[in-house]
Amino acid sequence: MTIERLMISLRGIVGADGIVVDDAEMQPYLVSWRDNWRGKSPAVVRPRSTAEVSEVVRACGKFGMKIVPQGGRTGVTGASQPHDDSSEIVLSLERMNKVRSVDVDNDTMTVEAGCVLQTIRARAAEADRIFPLLLGAVGSCMIGGNISTNAGGVNVIRYGSTRSLVAGLEVVLADGRVWDGLRGLRKDNAGYDLKHLFIGAEGTLGIITAAVVRLFPKPRSEITAFLATSSPRDALRLLVRAKEAFAEQLTAFELIQRLCIDVTCKRIPGVSNPVAGPSPWYVLMEVSGQSSDEITRGLVEEALQAAIDAGEIVDATIASSMQQSQMLWKMRESIAEAHKHEGTSFKHDISVPTSRVPDFLDQIEPKLVALIPGIRMFTFGHLGDGNLHFNPLIAEGATARPNDLQAVNTLVHDLVAAFGGSISAEHGIGLLRRDELVRYKSDVELQMMAGLKLLFDPQNILNPGKVIAPELLAREAAVITRSRAEGN
Ligand SMILES: Cc1cc2nc3c(=O)[nH]c(=O)nc-3n(C[C@H](O)[C@H](O)[C@H](O)COP(=O)(O)OP(=O)(O)OC[C@H]3O[C@@H](n4cnc5c(N)ncnc54)[C@H](O)[C@@H]3O)c2cc1C
């Protein structure tokens, strides 16, 4: 009865075409990109405006319904799907997809949360600017999702992660109030910088409805090089050389293990290895600049020749056209898709200090081989940020044992922790890493996180059960209640 009244209320807010209740039509909204998370929901609600989002949140609050905010559903931690008990509606921002304005002289663009990243990048290009966030899911992920996961991608080494690309936010809070923080300011120290609380919060603290994002001058030249190297240690030496040679002109530095290339060439049509002869590791490097292609290319050639002389690389291909460069990037961006089809794997999105990446890889491989004989190393990622997608595959034709996943995760993440690293460099926590978080964060950190959640969302209606484990939240709520009762 209550649910029926809520549905009538929601239909009244978003209109008949703004709500999906048919099981078959809802399916795409309930399944994750990798098809490893599936949920159930009474409805998918698709508002068209901030006012509608606010009203939907108020209505849900009134009827005790929980909400999963959703963008392009490319998240990989199970954070954008509902649980399987139909206790949450999905609130899709997909119809809030307008670019509200572009302020070229201020280098900012105001966009709604449902704008697809590729659209934002295209609009920036029309204004002779770039929006530098770039990741494999660029054609499907939405800026609200990017901000809520604080997405990284391939250009972090130069432009930082999404956090550094956001100047302002508009957010609907858990009680339906709207915070208009759409300021396009470069400097604003007037109190706490609240936007940062919502960036990377995975929809647990508020619903982002719009953002002011930062634009940058379009580079006049972009040189992409694909390099063969003997080891991560040599790749690190090359990285140090490239940073010294190019400073902030170094816009990408990706480390790729041989198996990633082999699998991608096998699985993705039109992709081939541009470097003759096998190599255990490769680097995809991009240097961008305001000088002509010829000048930037000359500088890259000079640096690469020095790297060959120093033994840091053994072979190099420099893209000679935009088309070749795009092919190299297609290969890099297709690795995740190719990996998806290669059988059982153990996925990790880790970071350690960049200088420690080779040591980490040296130490983890023998430990894993001892644990799971025949395991195949499948590592790629953003070496420039110390961030690896460390996704080993089980031996071909083998089956994982019931405890393998947990054993591998503990082994990898314990070593990451010993290196002072993070168990989630850019993908977030969601459901995937929620319970592990407790092992790797201090009590004080966990208490602050739970305290923030309770402050912003006391009824726990926004993406409940994601990021923070329910027991942790209940414990912190009890501490606060006790402390208030005792008058502390
Ligand atoms: C092929 C591929 C490559 C990828 N490469 C990278 C990469 O290089 N770097 C990287 O960081 N990630 C990468 N990802 C992961 C993913 O693309 C990012 O996490 C992306 O930012 C998610 O955006 P989305 O719109 O799909 O969000 P969704 O998956 O829909 O949601 C992600 C989270 O954000 C919340 N959310 C969504 N919209 C809002 C909103 N408006 N307000 C509040 N909360 C909201 C959801 O509740 C959920 O918690 C990749 C994924 C794929 C499939």
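Each residue takes its place number in the sequence, starting with 1. Order of appearance sets the numbers: ligands from 1, and atoms from 1 within every ligand. Fair warning: this is a prediction, and the values are worked out from it, not measured in the lab. Any value given below was found using the heavy atoms of this structure, including those in side chains, with hydrogens, waters and symmetry copies removed.
- Residue-level proximity to ligand 1 for I208 is carried by backbone and side chain together, each with a heavy atom below 4.0 angstrom.
- Annotation: side chain of I143 is in contact with side chain of F131 (closest heavy-atom distance under 4.5 Å).
- The side-chain heavy atoms of M109 and V99, taken from C-beta on, include a pair separated by under 4.5 Å.
- Of the polar atoms of E202, at least one N or O is found under 3.5 Å from an N or O of ligand 1, judged by distance alone.
- A donor-acceptor pair shorter than 3.5 Å can be found between the side chains of T251 and S288.
- Between W33, Y29, F198, it is W33 that holds the heavy atom closest to atom 1 (C) of ligand 1.
- Counting heavy atoms from C-beta outward, M7 and I3 have side chains that approach closer than 4.5 Å.
- Given atom 47 (O) of ligand 1, the protein heavy atom at minimum distance is P69 O, 2.6 Å.
- At least one N/O-N/O distance between G72 and ligand 1 falls below 3.5 Å.
- Taking any N or O of I207, backbone or side chain, none lies under 3.5 Å from an N or O belonging to ligand 1.
- Considering backbone and side-chain atoms alike, V68 places every N or O at 3.5 Å or more from each N or O of ligand 1.
- More than 12 heavy-atom neighbours from other residues, nucleotides or ligands sit within 6.0 angstrom of NZ on K218.
- Polar contact check, R73 against ligand 1: a nitrogen or oxygen pair lies under 3.5 Å apart.
- A 4.5 Å side-chain heavy-atom check between I199 and S148 finds every atom pair outside the cut-off.
- The side chain of N463, and not its backbone, has at least one atom closer than 4.0 Å to an atom of ligand 1 (non-hydrogen atoms only; side chain from C-beta on).
- Close contacts of ligand 1 with G75, meaning ligand atoms under 4.0 Å from a residue heavy atom, involve 26 (O), 29 (O).
- Side chains of I468 and T204 form no contact here, defined as non-hydrogen atoms less than 4.5 Å apart.
- Considering backbone and side-chain atoms together, A113 places no N or O closer than 3.5 Å to any N or O of ligand 1.
- Of the protein's non-hydrogen atoms, A137 CB, 3.7 Å is the one closest to atom 52 (C) of ligand 1.
- Taking the side chain as every heavy atom from C-beta outward, L239 and T354 approach each other to under 4.5 Å.
- Closest heavy-atom approach to atom 10 (C) of ligand 1 within the set E426, R332, E254: this belongs to E426.
- The ligand atoms of ligand 1 that sit less than 4.0 angstrom from a heavy atom of G203 are 43 (C), 44 (N).
- Protein heavy atom at the shortest distance from atom 11 (O) of ligand 1 is G152 N, 2.9 Å.
- For ligand 1, the atoms closer than 4.0 angstrom to any heavy atom of A151 are 11 (O), 21 (O).
- Of all protein heavy atoms, the one lying nearest to atom 43 (C) of ligand 1 is S148 OG, 3.2 Å.
- Among all non-hydrogen protein atoms, the one lying nearest atom 20 (C) of ligand 1 is N146 ND2, 3.5 Å.
- Inclusion of G206 in the set of residues having an N or O under 3.5 Å from an N or O of ligand 1 is not warranted.
- At the top of the distance list for atom 32 (C) of ligand 1, counting protein heavy atoms only, stands T149 CG2, 3.7 Å.
- Looking only at heavy atoms of the protein, atom 27 (O) of ligand 1 is closest to G145 CA, 3.4 Å.
- Of the protein's heavy atoms, T74 O, 3.6 Å lies nearest to atom 15 (C) of ligand 1.
- Here atom 13 (C) of ligand 1 lies nearest to L135 when heavy atoms of L135, V53, L205, L93 are compared.
- Applying the side-chain contact (heavy atoms from CB on, under 4.5 Å) test between F198 and each of L169, V166, I147, I207 identifies L169 as the sole match.
- Using the six-membered ring where Trp is involved, H389 and H427 have ring planes that are parallel, under 30° apart on the 30 and 60° scheme.
- Put simply, the side chain of E170 reaches to within 4.5 Å of the side chain of R100, judged on heavy atoms.
- Figure legend: R73 and Y29 shown as a cation-pi pair, the cationic atom lying under 6.0 angstrom from the six-membered ring centre and within 45 degrees of its axis.
- Proximity of H427 to ligand 1 is established by a heavy-atom distance of less than 4.0 Å.
- Distances below 4.0 Å separate heavy atoms of S80 from the following atoms of ligand 1: 28 (P), 29 (O), 30 (O), 31 (O), 48 (C).
- Not close to ligand 1: A201, with no non-hydrogen atom less than 4.0 angstrom away.
- Counting only distance, with no hydrogens or angles, the side chain of N387 and the backbone of I350 share a donor-acceptor pair below 3.5 Å.
- Looking at M377 and L368, their side chains come closer than 4.5 Å, going by heavy atoms from C-beta outward.
- With a 6.0 Å cutoff to the six-membered ring centre and a 45° limit on the axis angle, K340 counts as a cation-pi contact of W33.
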